[in-house]
Every structure is written in C-alpha cells, then in structure tokens.
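What follows is a set of notes on a single structure, which appears directly below.
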Amino acid sequence: MKLAVPGTAVLVLLVGTLGSCRCAEPPDASGLREARVCSSPGEGGALSACPQLCDAVGRLPAPPPREGLARDITSTALDVKLGAMSGTATLMVAESKEPGLSLKVGKLKITGVRGRCGGLQYTVKDGQLDIGVPEWASTVVVDYTFSSTSNTDGYRESGSTYTWPAACGNLFPCHPSPDDGARFSLRIGDLREGQVAVYPKAIARDVPAYMLGWAVGAYTERPLGVTRAGTQVSVWYLPGEEEAATEGTRHLRDAMDFFETQYGPYVFGDKVGSVSANWGPKAQGGMEHHPFWHLASASMADRQIHYHEAAHGWFGNGVRIQCWEDFVLSEGTTHYLTARAVRATEGEAAEAKLWESRRQDLERAVARRDTVALPDATCNAIDMTTHPLASMIPYLKGSLFFHELEKQVGTAALDRVLARFYQLHVGKAARMQQLLDFVKAETGHDPGPLAQGWLRGLGIPAAPSLTSGPTAR
C-alpha cells in the first residue's frame, strides 16, 4: 500500500497497531525567534546546539540573498587566526521582517556564511556581502580570510591594525558608518613564537567599528599605576623604545585620573594604555583603539599624543559622532581635553605654550588648505578619505573654539557641560550642534557667534590673547 504523506507532515508508525498511523505536524516555527530560545554565543562566537529552534526550522528553505544595509548589527564576536590569516565573525543582528543583511567586506575572501541551524545564501559584489537571513534568525556567522597591507586600510604588515575611517571591511565584516555602533569581543590566536598580542577581549559598549583593533609584536609592558577610580594604566613598547615610552607616558596615569575625575567614568574596561605601532619612520600620531590605543612608534615620546588618544575614551569613542561632518565633535573636543590634561599634569605655563603653538600650527594649516570645521548641513555625505575635513583644521579650530568658550563661560562651567553631555550620551551617537545647544541650555550663554567664527567660517577669527588664563565660575 502506498501512502501519500503531505510534505509538511511527519509519518509516525505505532508498533502493534498494524495498518494505522498518526500524522503529526512538525513543531510550529511561526512564533520562534532564535534570540528568545537559544543561548547567546560563547567565547570566540561559539554557538551551542539549539534543537528547540533547529528541529522546527530545519526543513524551511533558506531565503535568497537580499540587500539590507539598514539592518542593525548589535554585536560582533571575532575569532582571528593570524598564522592562517583567517577569521570567523559571529554577528548578532536585530530582528526584522525583511530577510536582507548587507555587510562591507572590502578585500576579504568570504569562505562561508551560516546561521545557527545551517548554511545561509549569500553573494559578494563590489566589496559588499549580501545575505538572506531567515525571519527567525538573530545570528549570522561569516568565515573569511584576509591579507596584510602596507597602507592604512586594514591589518598592516608590521603587525597592527588601522581601519579609520571606513576600512573595517578589510579586517572583518562590518558597518563602517560612525553612527552605527556595536559591541565587540575578540580572540587572537596562532601567533608566532616571541610575539605578544595586545587587544581587548571585550568591548561592552556600542562603539564605531574603526575603534576595534589589535597590535602584535615583541612587546614589553610597563605598568604606570592605577587611577583613583581603579583603572590600571600601562604602556606597551617595542625593542629600543623604552626611553621614548617612559618619557611620553610620564604623566599618562595622572591624565587618565584627571579625565575620570573631571568628566566621568571610563567605560571600556579596567585596564588601558598606549601601544607602540610601527607605522614607519616618518609616521606620526595615533589611533583611538580603546582601551589599548595605538601611537606611531616615532610619536612615543610625545606626551600630548598619549593624552589625546586617551581622551577619545570620552569623545569620539565614548560619545561617537553621528555624521562624518561632526568630526570636530570627536577631534576638536579631544584636542581641547588634551590641553586640559597638560594643565592638570604639567601646569598652566606648559598649557599656555601649547596654545601659542596651536595658533601657529593653525596659521600654517589655513595657509595650506583651509576648510570649514563643521560642515553639518549634510550627514555622512562626504568621503573622509578625500575631503579636506580629514586634516588638522577640525583639531585646531575645534580646540581653539573650546578655549575661547572656556574664557566666556568659565572653566568650571565648561567642565560641567562636557561632563554632563558625556554622561548623557555615552554609548550613543551625537552631533556637534547638540553640544552647542546643550552649552546654551546649561549655562545660558549662546555659543553660536563663537561657533560661527571658529567652526562654520573660513580663516582665523580675531581673538583676545590666547595665553590669558581661564576664569573659574
């Protein structure tokens, strides 16, 4: 006898009941959601079995690849094998009735895409990975390989990462927009003998994708002390750099202590520090890979760059920018906090000398190529790899704006404004105009005319002596 069994039914034979059967429907998948019935990914993004879900959805077809750039990534767990130059990214994505998910993958070679219950369909074109994600799914796992680069666009041949502004896709599948924050975990393995990897195991706040990074080399760690809030501060340097690292971080613990005391708790872990990154003999500056920010090896003796990168824990990373046009909210504010750290750790005379130097630096920068420091009529409409905003202009004009604002409202008042704004927006994206509005609401002083001259205009506004001391209000 031939039985016709519907495709959605399961044939159940009962022993001892000859010639009869019971046809039972498979578990109902209509109300199941992975995030509600399955455990969260473990270390390195490992996924445990979830039969309650997978038994119900196992026979459902995987949806075809669809573009979905708007679908939010809530967290990314990376498991990186440096010897094989391979990685596995386990992404938690927001629920959506639309099946698409798109990720920027740059120069990565995608070797597989899967979900909790099996393979997912995908396509890769022009550096974008489009995936078909079932409605029930909240986890997407991407296996890939990557390559090293001699440029500032991924994993550098010298062992450190550099993905600002939008090259995270050369390191892991990502959303590079600065407002698109996510949480991260990271595991680095397969190191060569004698190498040390400096990286955060977890970042438990939403941050821009370019913040995540690591450095690998023959590092020596030098502890610098503990702040009053309990944050351990260290410096990691490469062979031959001990003297420069010691000089550059002489007051780094005190600077971190000042930031924590004055502006609010540090949120990226209880251990921080500067890491030397070999970017070449002529490279200068740093990169805000908190909690272990990178400094060019040639800049290790420069105390101000250490302070600047540390201050990004408050603005740029703690409060991230919503649009690239708000770059000054990250760099101008941080450059101003750098000067405040100089005052707190080295004294007012050292700070006065710094402001004089910045005025001269700004004159040279304006002569080379001036630009508006806050072009915020648009949002994420500019390309930071080519736009003149990616220069020292927003650093210098932004910090000098705050320096003049400090004179107008008083040091104590401006400190309160920055602290409250940070504490209200930490883990979120903000615009510079929001901070300007907040200044007016909190102090009663309208910073608009000052912002018009320093941030929205060209040239250098006429100003009183930049070396005159601030007032306390």
Side-chain angles (χ1 to χ4, degrees), residues 198 200 203-205 207 211 221-237 242 244-276 286-295 299-319 330-355 399 402-403 406 410-427 469-470 472:
V198 184
I203 298 173
R205 293 273 185 162
V207 299
M211 189 183 103
E221 177 185 355
R222 178 178 178 179
L224 302 173
V226 180
T227 68
R228 283 174 286 180
T231 304
Q232 302 174 62
V233 185
S234 286
V235 61
W236 287 262
Y237 57 86
E242 181 176 7
T246 300
E247 174 59 27
T249 60
R250 186 179 303 278
H251 303 299
L252 183 57
R253 188 215 71 90
D254 295 335
M256 277 295 298
D257 189 81
F258 168 74
F259 294 145
E260 289 178 323
T261 302
Q262 201 68 57
Y263 303 112
Y266 182 77
V267 297
F268 299 124
D270 57 8
K271 185 173 183 177
V272 304
S274 298
V275 184
S276 175
M287 178 49 56
E288 56 264 36
H289 292 311
H290 275 249
F292 308 121
W293 51 86
H294 295 182
L295 265 72
S299 296
M300 284 299 284
D302 191 327
R303 291 195 293 272
Q304 292 175 28
I305 297 179
H306 288 273
Y307 300 162
H308 179 99
E309 299 309 326
H312 272 304
W314 283 261
F315 286 88
N317 291 337
V319 179
S330 173
E331 299 299 349
T333 312
T334 300
H335 221 42
Y336 169 73
L337 296 186
T338 300
R340 291 286 284 112
V342 169
R343 185 192 311 172
T345 62
E346 301 175 42
E348 292 184 2
E351 185 200 14
K353 184 177 180 181
L354 172 60
W355 288 119
S399 63
F402 281 113
H403 186 50
E406 181 187 352
T411 303
L414 184 53
D415 277 343
R416 284 195 300 271
V417 166
L418 293 175
R420 282 180 50 77
F421 191 84
Y422 164 73
Q423 291 161 21
L424 288 171
H425 294 275
V426 63

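Nothing fancy with the numbering, it's 1 onward along the sequence.
The nearest pair of heavy atoms linking Val342 to Leu354 is CG2-CD2, 4.0 Å. The minimum heavy-atom distance linking Gly332 with Phe402 is given by the pair O-CD1, 4.0 Å. Residue Gln304 comes nearest to Thr338 through the heavy atom pair O-CG2, 3.5 Å, listed as atom of the first residue, atom of the second, then distance. Heavy-atom minimum distance, Leu252 versus Ser234: CD2-O, 4.5 Å. Nearest approach of Ala301 to Glu247, heavy atoms of both residues: O-CG, 4.0 Å. Considering every non-hydrogen atom in both Phe259 and Ala341, the closest pair reads CZ-CB, 3.7 Å.
Centroid-to-centroid, the aromatic rings of Trp293 and His312 stay 6.0 Å apart or farther.
Residues Glu260 and Trp314 are in side-chain contact: their nearest non-hydrogen atoms beyond the backbone lie under 4.5 Å apart. For the pair Phe315 and Leu418, the minimum side-chain heavy-atom distance is below 4.5 Å. Inter-residue side-chain proximity for Thr227 and Arg253 is flagged as met; some heavy-atom pair is nearer than 4.5 Å. Counting heavy atoms from C-beta on, the side chains of Thr345 and Arg250 never come closer than 4.5 Å.
Using a 4.0 Å cut-off between a side-chain N of Lys or Arg and a carboxylate O of Asp or Glu, Glu351 and Arg340 do not qualify as a salt bridge. Using a cut-off of 4.0 Å between Lys/Arg side-chain N and Asp/Glu carboxylate O, Glu221 and Lys271 are scored as salt-bridged.
Atoms CE and OG1, on Met256 and Thr249 in that order, are 13.5 Å from each other to the nearest 0.5 Å. With rounding to the nearest 0.5 angstrom, the CG atom of Leu337 is 11.0 Å from the CZ atom of Arg343. Between the OH atom of Tyr266 and the CG atom of Asp257 there is a distance of 14.5 Å, given to the nearest 0.5 Å. One finds the CD1 atom of Ile203 at 3.5 Å from the CE atom of Met211 (value rounded to the nearest 0.5 Å).
Between the side chain of Tyr422 and the backbone N or O of Pro265, at least one donor-acceptor pair lies under 3.5 Å. Distance alone, capped at 3.5 Å, places no donor-acceptor pair between the His425 side chain and the Val319 backbone. Side-chain atoms of His335 never come within 3.5 Å of backbone atoms of His308 as a donor-acceptor pair (strictly under, hydrogens ignored). The backbone N or O of Glu288 sits less than 3.5 Å from a side-chain atom of Glu309, completing a donor-acceptor pair.
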Margin query: Quick one, Arg205 with Asn317, criterion side chain to side chain contact (heavy atoms under 4.5 Å, CB included). Give me CA distance, side-chain angles, the key distance, then yes/no.
Written below: CA-CA 9 Å; Arg205 293 273 185 162; Asn317 291 337; over 6 Å; no
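Taking the ring pair (Phe, Tyr, Trp, His ring centres under 6.0 Å) definition, one finds that His251 meets it with nothing, sequence neighbours left out. Listed by chain and number, the residues in a side chain to side chain donor-acceptor pair (under 3.5 Å) with Gln262 are Asp415 (sequence neighbours excluded).
Between His403 and Trp355, the angle of the ring planes stays under 30°, which puts this pair in the parallel group of the 30/60° scheme.
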